[in-house]
Amino acid sequence: AEFLGYKAPHKTPSVVKLKVETTISADGTTGEPVYGEAPSSIDGGLQIASNINSEVIFETTDEIDFTASGSNDPIISPPTLDSNGEASSYTLTRYVRAVSGQTKTKTFNITSPTKFLELDLGVDNLVEIISCVDGSGQSWYEVDYLSQDKVLKKTHYTDDSTRTDAYDQGNASSNVSSIPIPYVANYIRVNKKFTTKFDEDTQTYKACFGNGLFRFSNSGSNVDPVEQAGVTINGTNIADVPSALGIVTGNNPNLGETPSNTSLTFTYRVGGGAESNIQAGELTVVNNPPAGVSITVSNEEPSSGGTDGQTVDEIKYNAGAFFASQLRCVTKEDYQSRILSLPQKFGSIAKCYVERLDGGTLLVSTLSYNQDKQLVQTPQLGSQNVGTYINQFRMINDQVGFGFDLGTEDNPNLFSGYVINFGVRFVVNYDRRSNPTEVKLNVIQVIKDFFKIEKMQFKQSINLNDLQYNILGLDGVIGIKELKLFQDGNNEYASGRQLYYYKGDGEVIGTDSNYGFKYNFDNAIKDGVIRPTVSPAVFELRNPNQDIYGKVI
């Protein structure tokens, strides 16, 4: 497996989605929530212990920001009323990923340089390396293999001078995004790097460094390696500008530096194993509550993923699959899978489609969810993060473009993807022995379930025959007189509403900017199947509680 590049984990951590709540007060005059009381950022590393076994501990992996809402977050509750019936407080809710384990640190003092130095962390349940910092404050980065020269760096908006909050896109666009993007992604080239491996002989994890011996030549004599703090020329630290000072390297610098005459402090998380899988409602005890902030934590779902390692057969098959993929995007499906796996912190991508245009260019269409789980255009910063993320995986001759511009050079109108909204009209015949109101409600629920946005993808057709079959399977329904999708309503069932905002060329022709593009459903249907558009688009029943019209007769 190691020869194929696959590193089999000794233990894997259990992962869970935590529900974190805090309370803010209501304005004494208006009754509106006082959002200024909401904590803007609770650092990752929040420890939550099981209320059954206190030794089982989970830690959050990302910041918790109550000022940014997301598609899966019911961000604010109905108000709590006082004795006078007036709003007194609100509850804000955020969901965050947590993994089983605890954060620990260990420091090593390094003297003379050693090629392919190995440092024993002394643990067999390593989950991840959080950071590695040397004595001069410089960071060392974990890589998958020593010849890897770039690593993905994330910059939180609180550390970015061009951004004010998660909705501010900074230099990517002057517009404010409709969805939060807490981090900006960019790759940086590094020589200070290491890998981790599990040593079967010692049954512990080790950090392994490269073989580059960096030295500065001054009148034929060598000084200590540039990692040594305090070596400067004209006030500039040698380690900051190695290429400009005639530094020579020993062996292959692509494998990275090896530390010397310094200390290395590792911060890492340990835990995992089969015993770390817990049940719903078990994580409620916060071991390190944030100062000045009152929160409650719970898990509505059980955790999963904790194992005591892979069997020999699992390693064999996983290593073969890993080698076959080679972490490269070759097909359109490879790109789609890689883009959809973008960490949510860089911008949540809900739908993705990749097509190869004439000339070989790849065009990527994406859509994201807003806080109500409705499709919206992916913000420019999100598209920028996607481009940065997949750049390491694309084939060298692939040119990748994102979205399209339906405006002019002087007045651009940028889109990340097409979305087509519609309403549903139905008339069903019911059995007189049934309650017509109940029959109608059941039909509406079947339609809602059929058009759930999780089921809809780019270039997907809509088979109304399947929907008719589901409706006819309901108790009390004996026939269907009418079932159609529409965008232009009439006085009978939509009061003249138009469920679109743009024409195909981006020209505004509607009145409600929440809707997408116009589509001729009457011409698109054949044999009960609504055919997809030529340009990749997603059909969306955007407001199911508002845009389903029907009656029973």
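As the structure is a prediction and not an experimental result, all values here were calculated from the model. Count residues from 1 along the sequence. Because only heavy atoms are used, hydrogens play no part in the values below, and waters and symmetry mates are left out as well, while side chains stay in.
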**Student:** For the CZ atom of R269 and the CD atom of E128, what is their distance to the nearest 0.5 Å?
**Tutor:**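 Between atom CZ of R269 and atom CD of E128 there are 4.5 Å.
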**Student:** Would you indicate whether the side-chain heavy atoms of D43 and I64 approach each other to under 4.5 Å?
**Tutor:**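 No - every pair of side-chain heavy atoms lies 4.5 Å or more apart.
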**Student:** Could you tell me if T378 and T366 have a donor-acceptor pair between their side chains, going purely by distance under 3.5 Å?
**Tutor:**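 Their side chains do contain a donor-acceptor pair, which is all the 3.5 Å distance test asks for.
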**Student:** Should F415 and Y502 be marked as a ring-ring contact (aromatic ring centres under 6.0 Å, His included) after you check the CA-CA gap, both sets of side-chain angles, and the distance that decides it?
**Tutor:** CA-CA 11 Å; F415 296 90; Y502 299 103; 5.0 Å; yes
**Student:** Tell me which one of F458, Y500, F404 satisfies ring pair (Phe, Tyr, Trp, His ring centres under 6.0 Å) with Y418.
**Tutor:**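 When ring pair (Phe, Tyr, Trp, His ring centres under 6.0 Å) is applied between Y418 and each of F458, Y500, F404, only F404 qualifies.
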**Student:** Answer with yes or no whether the side chains of T204 and D120 bring together a donor and an acceptor at under 3.5 Å.
**Tutor:**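 Per modelled atom types, D120 and T204 side chains form a pair under 3.5 Å.
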**Student:** To the nearest 0.5 Å, what is the distance between OH on Y268 and OH on Y205?
**Tutor:**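 Rounded to the nearest 0.5 Å, the OH-OH separation comes out at 13.0 Å.
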**Student:** Will you find, in the side chains of S14 and S100, an N or O donor that is under 3.5 Å from an N or O acceptor?
**Tutor:**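 Judged by distance alone, the side chains do not pair up.
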**Student:** Please check if any side-chain donor atom of S368 sits under 3.5 Å from a side-chain acceptor atom of Q377, or the reverse.
**Tutor:**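 Q377 and S368 do not have a side-chain donor-acceptor pair below 3.5 Å.
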**Student:** Around atom CG of N397, are there more than 12 heavy atoms of other residues, nucleotides or ligands at under 6.0 Å?
**Tutor:**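 More than 12 within 6.0 Å, yes.
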**Student:** How about S136 and D134: does a side-chain donor come under 3.5 Å of a side-chain acceptor?
**Tutor:**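 Result is yes, a qualifying pair exists.
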**Student:** With a 3.5 Å cut-off and no angle check, do the side chains of S416 and S383 form a donor-acceptor pair?
**Tutor:**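 Their side chains do not contain a donor-acceptor pair, so the 3.5 Å distance test is not met.
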**Student:** Under 6.0 Å between ring centres, would you say that holds for F194 and F266?
**Tutor:**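 Under 6.0 Å, so yes.
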**Student:** Of the options Y519, Y515, F451, which is the one that meets F422 in a ring pair (Phe, Tyr, Trp, His ring centres under 6.0 Å)?
**Tutor:**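 Of all the options given, the one that passes is F451.
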**Student:** With under 30° as parallel and over 60° as perpendicular, where do the rings of F521 and F539 fit, or are they tilted in between?
**Tutor:**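 The arrangement is tilted - the two ring planes meet at 30° to 60°.
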**Student:** Name the one of Q374, E540, K518 that satisfies side chain to side chain donor-acceptor pair (under 3.5 Å) with N421?
**Tutor:**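 That would be E540; it is the only one of Q374, E540, K518 passing the side chain to side chain donor-acceptor pair (under 3.5 Å) with N421.
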**Student:** Do T162 and D160 have side-chain N/O donor and acceptor atoms under 3.5 Å apart?
**Tutor:**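 There is such a pair (donor and acceptor under 3.5 Å, judged by atom type) between the side chains of T162 and D160.
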**Student:** If every non-hydrogen atom of K332 is compared with every non-hydrogen atom of Y353, which pair is closest and at what distance?
**Tutor:**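 For K332 versus Y353, the nearest heavy atoms are NZ-OH, 4.4 Å.
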**Student:** Using a distance-only test with no angle check, is there a side-chain donor-acceptor pair under 3.5 angstrom linking T331 and D334?
**Tutor:**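 Checked: T331/D334 side chains pair up, N/O donor to acceptor below 3.5 Å.
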**Student:** Quick one: pull up CG in L362 and CD in Q399 and give me the separation to the nearest 0.5 Å.
**Tutor:**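 Spacing of CG (L362) from CD (Q399) equals 9.0 Å.
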**Student:** Of the options Q460, E355, K351, Q457, which is the one that meets P536 in a side-chain contact (heavy atoms from CB on, under 4.5 Å)?
**Tutor:**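 Running side-chain contact (heavy atoms from CB on, under 4.5 Å) over Q460, E355, K351, Q457 with P536 returns exactly one hit, E355.
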**Student:** Does one side chain, of T155 or D159, offer a donor that lies under 3.5 Å from an acceptor on the other?
**Tutor:**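 Result is no, nothing qualifies.
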**Student:** Side chains of T533 and S535: do they bring a donor and an acceptor to under 3.5 Å?
**Tutor:**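 Their side chains do not contain a donor-acceptor pair, so the 3.5 Å distance test is not met.
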**Student:** Of all the heavy-atom pairs spanning R163 and P182, show the shortest one and how long it is.
**Tutor:**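 Taking every non-hydrogen atom into account, NH1-O, 3.4 Å.
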**Student:** In terms of side-chain heavy atoms, does T103 have a donor or acceptor partner in E59 at a distance below 3.5 Å?
**Tutor:**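 Yes, E59 and T103 have a side-chain donor paired with an acceptor closer than 3.5 Å.
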**Student:** Pick one: which of W140, F116, F108, Y141 meets ring pair (Phe, Tyr, Trp, His ring centres under 6.0 Å) with F209?
**Tutor:**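 In the set W140, F116, F108, Y141, the residue that makes a ring pair (Phe, Tyr, Trp, His ring centres under 6.0 Å) with F209 is W140.
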